Amino acid sequence: MRHDAPGAHAGHPGHPGLAARLRSLPLLSNPVGDVSASLVVFLVAVPLSLGIAAASGAPLMAGIIAAAVGGIVAGLVGGSRIQVTGPSAAQTVIIADLVVRYGWEVMCLITLLAGLLQALLGAVRIARAALAVSPAVIHGMLAGVGVTIALAQLHVVLGGDPPSSAVAAIRELPGALAGAHLPAVAVGALTIALLLVWPRLPGPRALRAVPAALVAVAAATAAAVAAGLEVERVSLLASMGEGWTGPVLPDRADVHGVAIGVVTVSLVASVESLLSGLATDRLHEGPRIRLDRELVGQGAANAASGALGGLPVSGAIVRSTANARAGARTPLAAALHGVWVVVFVLLFAPAVELIPMAALAALLVMIGAQMVHPRHVADLRRHHEASVYLVTLASVVLLGLLEGVLIGFALALAVSLRRLTRLTVLTEERDGRWHVVVQGSLTFLGVPRVARMLRTLPTGCHVDLDLHVDFMDHAAFESIHAWRVDHERTGGSVDIDEVHENWYERSSMHAPPVGKTAPGGLARWWAPWRMRGGYDSSAPPTGLLVAGAQEYHSSTAGRMRAMMGRLAHRQHPTALFITCADSRVVPNLITASGPGDLFTVRNIGNLVPPHDRADDASVGAAVEYAVEVLEVPSVVVCGHSHCGAMKALMDGVHEAPEAVRADRLRRWLGHGSASLERTPREALEAAPGAEALRALAQANVEQQLEHLLTYPAVRRRREQGLLELTGMFYDLDTAEVRVLDPGTGAFVPVADGAAGSRIPGPRGPVGGAGTAGGAQGPPPEWEHPEREHA
């Protein structure tokens, strides 16, 4: 007979008790935070769901059903930890059009079938294909939908009915303004005012945590009831009393249109959910979203919502953000929010009927306006895609959603094809040698230009031809080969350095430093060793370093010899670059700089002890040497996301006794205590882990810039106009560099083409020695004539 060993019962220190075992379950690992977050999201979801249902021309109960089903089903089945699913304002225009064409019951069938299609796409693991859609088209579509919603609901705020289209809304707006219903206007104005003012009001943190949407709708409702205003109100009980309506089959003549509706709802919901899920991932530090499973979960939620008579659902970034900031860590919060929606409607349906329709319409006007992000235009301008965004937006507003998206796709495709024809050809003659650099995509469309340039070279000269192209077709190859044969036949010589993407992948992706290099000596230098094909995890670290040095000698040292010989006798760096010792931050990589450009100081947390702190002199010595001896014109402090030093500061390691942490590390982190004090404690506590670290790391950059000004040499040269200080931030999640804007105190993306952002020379803004590295070698000396004095 088996006897339990002593201490094997629950509660013994050697055996996990019931509470510990419950906490080990994925859904119960954060019960307090998830329950509180579910209540916050529920308060956001109810007014939004009612407003979206009203704007879609659907029964108001359909919005409640969608919110409940989306939260419960997608939360439990999907692949995201904290994304919240529910009715989406982005689909309002699609739903309203389908309801007008085919009726509500057929719309339920469309939702059901769209959900099944989503689940099928997720099951065959095609989720990432949905992300191939150009962000310019997506943002333009959402902005166009936002404008359409705002225009239509503005008429409801004015006391009328929403027009059938955005064009009609614009055309009828003067008449609506002239005949405005003043009580409805007053309710709508109060709602909008509270939505704008509530997040900015001072007060206790607990009070400001109440969602602005709930406060605005509740206050507008209370004011309308207290004043006895005669305004149209929510008719929730009437829609409940009409009996349940589910999906029905369409007429035979409508089958084609219904099929298009199914595909449209499925694609829009899928793309929105996946993009929202990826954005939500940045708000927490838990497991990342599983895209295919999330698509299956979204499909199951849509199928269930359509079968029960609800609206289509998708991942909602507003609710998901509220969920993350309220402390959610598992899908339990999303599921519970759906439960609270059901309980609320069952217990408080009469109170819901007091809500004025003008309040919900005003809420949607604000949501629609917020869907137009000017920041997206600025970001897309840097990538030369603003035209796609603006054309998509205008087409959605003027022609309709489907037409607008198709036009946006067509324009995005045309822009992409045009980029394939973008080609730069630069030539320079020095000491009897001609250097020609060809950049871009070398296709048959660019052959005439390249051929014309090559034919202008003198007969019998020596030509160094650098082909830095991402693609070369057969026509271009034949043309260059024919020119080379002709040129060498007339007594000339040609040395071709060819680095194009197809050859580059074959030769370098599978060539880690293992003692020999790829053919031609190229290597994917910017990738970690373990990410290159053929990486030997059993090789000792020293062996990898030696093998890497051998690869450098075989592929790069020869090209660098002449340039390094010129730099060997003197350095004249452009900047003192102070950054973290984190192994993921590579200064030359993120600044596209090369040998001689940066005087670099790296330490834990990119800290600069103030001048009067004599306990650590190494950083101060580097600052004084760079500023007074090398006379650098710029000093840059660069922080980064997910910084271990910042996390240690937040955890209080710098305050820990010597027995807890190494004394030197503790004392060094003490130099960052001012950065911690600079960041409001309530902001650190309110934000999720990754966002809190980001806020602290950015505040730390600003603080270290102030520490630099405590050095007399820095202050003196800055006052003389000979030195500028710059703050930078490297986002590891997106691999993007941001620069501190002194005017606003915000870190803004580096503008493409902004002053100082381009490296001189034929290789353009992403070229130069830093980009070439071990793969292409440094640029020839003729590319940087202004550096000859160095």
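Start at 1 with the first residue, then count along the sequence. Only heavy atoms go into these numbers, but all of them, side chains included; no hydrogens, no water, no symmetry mates. Note that the structure is a prediction, hence the values are computed from the model and not measured.
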Closest non-hydrogen atom pair between [X] and [Y], with its separation:
X      : Y      : answer
Met371 : Ala89  : SD-CB, 4.2 Å
Phe747 : Gln698 : CE1-CB, 3.4 Å
Gly75  : Ala334 : CA-CB, 4.3 Å
Gly727 : Val701 : CA-CG1, 3.7 Å
Phe599 : Ala622 : CE2-O, 3.9 Å
Leu676 : Leu649 : CD2-O, 3.4 Å

Nearest 0.5 Å please: distance from the [atom1] atom of [X] over to the [atom2] atom of [Y].
X      : Y      : atom1 : atom2 : result
Asp731 : Ile590 : CG    : CD1   : 11.5 Å
Leu696 : Gln703 : CG    : CD    : 11.0 Å
Met650 : Thr679 : CE    : OG1   : 9.0 Å
Tyr730 : Glu736 : OH    : CD    : 10.0 Å
Ile578 : Leu607 : CD1   : CG    : 10.0 Å
Arg738 : Arg694 : CZ    : CZ    : 7.5 Å

Test salt bridge (charged side-chain N to carboxylate O under 4.0 Å, His left out) applied to Arg716 - qualifying residues, sequence neighbours left out
Glu628
Among residues at least two apart in sequence or on other chains, which ones pass salt bridge (charged side-chain N to carboxylate O under 4.0 Å, His left out) with Arg584?
Asp582
Please enumerate all residues that pass side chain to side chain contact (heavy atoms under 4.5 Å, CB included) together with [X], with sequence neighbours excluded.
X      : result
Ser583 : none
Ser80  : Gln83, Ile289, Glu294
Ala216 : Thr191, Leu194, Leu195
Ala37  : Asn323, Ala326, Ala328, Ala333

Would you check, one step at a time, whether the test side chain to side chain contact (heavy atoms under 4.5 Å, CB included) holds for Tyr711 with Val627?
CA-CA 10 Å; Tyr711 288 81; Val627 173; over 6 Å; no
Side-chain touch [X]/[Y], heavy atoms, less than 4.5 angstrom:
X      : Y      : value
Val623 : Leu576 : yes
Leu630 : Pro573 : yes
Glu631 : Arg717 : yes
Leu48  : Arg319 : yes
Val714 : Leu723 : yes
Asp597 : Thr591 : no

For atom CZ of Arg715, decide whether the heavy atoms of other residues, nucleotides or ligands shown that lie under 6.0 angstrom number more than 12.
yes
If you count the non-hydrogen atoms of other residues, nucleotides and ligands that lie under 6.0 Å from CG in Leu725, is the total more than 12?
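Counting other residues, nucleotides and ligands, CG of Leu725 exceeds 12 neighbours.
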Evaluate the criterion side chain to side chain contact (heavy atoms under 4.5 Å, CB included) for residue pair Thr280 and Ile82; output intermediate values, then yes/no.
CA-CA 7 Å; Thr280 304; Ile82 60 173; 3.4 Å; yes
Can you check whether [Y]'s main-chain N or O pairs, donor with acceptor, with [X]'s side chain at less than 3.5 Å?
X      : Y      : answer
Trp198 : Val215 : no
His707 : Val608 : yes
Arg81  : Thr330 : no
Ser276 : Ser273 : no

Sort and list the pairs that fulfil ring pair (Phe, Tyr, Trp, His ring centres under 6.0 Å) and have at least one residue in residues 573-592, not counting sequence neighbours.
none
Before you tell me yes or no, could you show the steps for Leu336 and Asp34 under side chain to side chain contact (heavy atoms under 4.5 Å, CB included), namely the whole-Å CA-CA distance, both residues' side-chain angles and the distance that decides it to 0.1 Å?
CA-CA 8 Å; Leu336 280 180; Asp34 289 336; 5.6 Å; no
Would you mind telling me which of Val44, Val40, Val84 makes a side chain to side chain contact (heavy atoms under 4.5 Å, CB included) with His337?
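That would be Val84; it is the only one of Val44, Val40, Val84 passing the side chain to side chain contact (heavy atoms under 4.5 Å, CB included) with His337.
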Please collect all salt bridge (charged side-chain N to carboxylate O under 4.0 Å, His left out) contacts where either partner lies in residues 701-713, sequence neighbours excluded, each pair once.
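Every salt bridge (charged side-chain N to carboxylate O under 4.0 Å, His left out) pair that includes a residue of residues 701-713, provided the two are not neighbours, is Arg678-Glu702, Arg678-Glu706.
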Mind listing the side-chain donor-acceptor pairs of residues 633-646 below 3.5 Å, one per line with the distance, residues two or more places apart or on another chain?
unit_1, atom_1, unit_2, atom_2, d
Ser641, OG, Leu732, N, 2.9
His642, NE2, Asp733, OD1, 3.2
His642, NE2, Asp733, OD2, 2.9

Taking atom types as modelled, find out whether Thr579 and Asn606 have a side-chain donor-acceptor pair closer than 3.5 angstrom.
no
Residues two or more places apart in sequence or in another chain: which of them pass side chain to side chain donor-acceptor pair (under 3.5 Å) with Ser675?
Asn700, Gln704
